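Heads up, the thing below is written out as structure tokens.
No experiment lies behind these values; they were computed from the predicted model shown.
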Amino acid sequence: MRFRSEFEPYLLTIQHDSKKPLNKWSPQSGGDGGRNWLRRPDHFNIAVILAPYSPYFVLDIDGEKGYKNLQGLQIVYGKLPRTFVVKSPSGWHYYFQYHHGIKRSIGWLAPSIDIICHGYTLLPGSVIDGKKYEVLEDAQIVPAPAWLIKLASNTNKQIDMPAKNTIAVRCDDEDYEHRVWRARRYVEKMPPAVQGQGGHTQLLRVCNILVHKFRLDDAGCRDILMDYNARCVPPFTSYKELFRKISETRKWHE
């Protein structure tokens, strides 16, 4: 593997056909140099420790949905630079040099796109259930583009919203998960509802966006509205009263 020497200080031997370290491990303890894997590569898997305990983080693209969403991000923000890319059994791992402030996130950039750091990830030479990790782009690991650093360093929220969102699982509409994601981003840019400054009207405007522009069901509206409520001045203390605005918006439309 071309990058063995570059990764060597951060290599970690993994159990055969597994993602569990061979020995007891913590990020602070560092890697073992992959010594066991180097001696018997057919009997072990191999991983690299990621930021902030190494200079690397990974942009994890999960399946065709993640790939299509990545293309959409690149159309909006610009193409990713050529870097080291691994084909995993379920998608693609783009390696970049770590930049201070980048946070681990699941689905924050877009559905099925994750930022991996604060741990480790398997490297080519590893096999899970007969499926191999393979080098797709054998290039030097480069710094992430400015737009990716900015999006991945969002300091407002350290939560994995789309991954925790069970609404998409319950809905038969294939595009629903994307609508939930777009609606959340849209509402995040809207000003908060402030008492005495047209706050009630602003809250209804948000509800109208969720119900009619993005066509979300009540569960989807509530999930986003709860986050929006945290920014309001003052926030609604009764969720029952808050959620009533959703039903009011639907009735007015009818």
Side-chain angles (χ1 to χ4, degrees), residues 1-41 43-62 66 70 73 80-109 112-128 131-155 158-160 163:
M1 186 174 64
R2 174 182 167 183
F3 280 86
R4 193 181 76 188
S5 58
E6 182 177 351
F7 284 150
E8 191 166 359
Y10 315 105
L11 290 177
L12 184 65
T13 304
I14 305 296
Q15 297 175 25
H16 175 67
D17 198 26
S18 170
K19 294 184 179 181
K20 294 182 179 180
L22 180 63
N23 302 308
K24 187 176 181 180
W25 175 82
S26 68
Q28 294 84 353
S29 64
D32 58 14
R35 292 184 297 272
N36 292 282
W37 175 77
L38 290 171
R39 287 195 296 264
R40 305 180 70 183
H43 291 75
F44 300 99
N45 281 345
I46 187 68
V48 61
I49 299 170
L50 299 175
Y53 306 101
S54 84
Y56 318 109
F57 79 96
V58 167
L59 181 66
D60 182 11
I61 310 301
D62 187 17
L70 177 62
L73 288 174
L80 293 175
R82 186 171 182 262
T83 191
F84 184 58
V85 182
V86 172
K87 180 69 176 71
S88 71
S90 60
W92 300 264
H93 290 175
Y94 289 75
Y95 283 75
F96 292 104
Q97 296 176 15
Y98 181 69
H99 187 280
H100 178 72
I102 289 176
K103 298 179 179 180
R104 178 184 181 275
S105 63
I106 308 298
W108 177 255
L109 298 179
S112 301
I113 297 181
D114 307 331
I115 298 293
I116 306 179
C117 53
H118 293 276
Y120 58 86
T121 188
L122 295 185
L123 284 169
S126 300
V127 179
I128 297 290
K131 299 178 180 178
K132 298 180 179 180
Y133 287 72
E134 300 176 327
V135 175
L136 185 64
E137 187 71 55
D138 194 7
Q140 292 289 334
I141 299 176
V142 301
W147 65 264
L148 179 57
I149 293 173
K150 182 177 180 180
L151 292 178
S153 303
N154 189 317
T155 57
Q158 181 71 26
I159 51 181
D160 304 333

Counting distance only, does the side-chain N/O of Ser54 pair as donor-acceptor with the main-chain N or O of Tyr10 below 3.5 Å?
no
Those residues that, when tested against Ser112, pass side chain to side chain contact (heavy atoms under 4.5 Å, CB included) (two or more places apart)
Asp62, Lys65
Taking all atoms of both residues into account, what is the closest heavy-atom pair of Asp17 and Asn45, and its distance?
N-ND2, 3.6 Å
What do the steps show when you test Phe7 against Ile49 for side chain to side chain contact (heavy atoms under 4.5 Å, CB included), and what is the final call?
CA-CA 9 Å; Phe7 284 150; Ile49 299 170; over 6 Å; no
Sequence neighbours left out, what passes side chain to side chain donor-acceptor pair (under 3.5 Å) with His118? Give chain and number order.
none
Taking all atoms of both residues into account, what is the closest heavy-atom pair of Leu12 and Ile46, and its distance?
O-CD1, 3.4 Å
Please examine the side chains of Thr121 and Phe57, heavy atoms only from C-beta on, and report whether any two atoms are closer than 4.5 Å.
no
Run Val127 and Tyr133 through side chain to side chain contact (heavy atoms under 4.5 Å, CB included) and show every step you take.
CA-CA 6 Å; Val127 179; Tyr133 287 72; over 6 Å; no
Looking at residues at least two apart in the chain, or sitting in another chain, which of them share a side chain to side chain donor-acceptor pair (under 3.5 Å) with Tyr56?
Glu6
Can you list, pair by pair, the side-chain donor-acceptor contacts under 3.5 Å of residues 91-98, counting residues two or more places apart and other chains?
{"from": "His93", "atom 1": "NE2", "to": "Asp60", "atom 2": "OD1", "distance (Å)": "3.3"}
{"from": "Gln97", "atom 1": "NE2", "to": "Ile141", "atom 2": "O", "distance (Å)": "2.9"}
{"from": "Tyr98", "atom 1": "OH", "to": "Ile102", "atom 2": "O", "distance (Å)": "3.2"}

Closest heavy-atom pair, Ile149 versus Ala144, reported as atoms and distance to 0.1 Å, is CD1-O, 3.5 Å
Across all chains, not counting sequence neighbours, the ring-ring contact (aromatic ring centres under 6.0 Å, His included) partners of Tyr120 are Trp25
Partners of Lys20 by side chain to side chain contact (heavy atoms under 4.5 Å, CB included), sequence neighbours excluded?
Gln15, Ser18
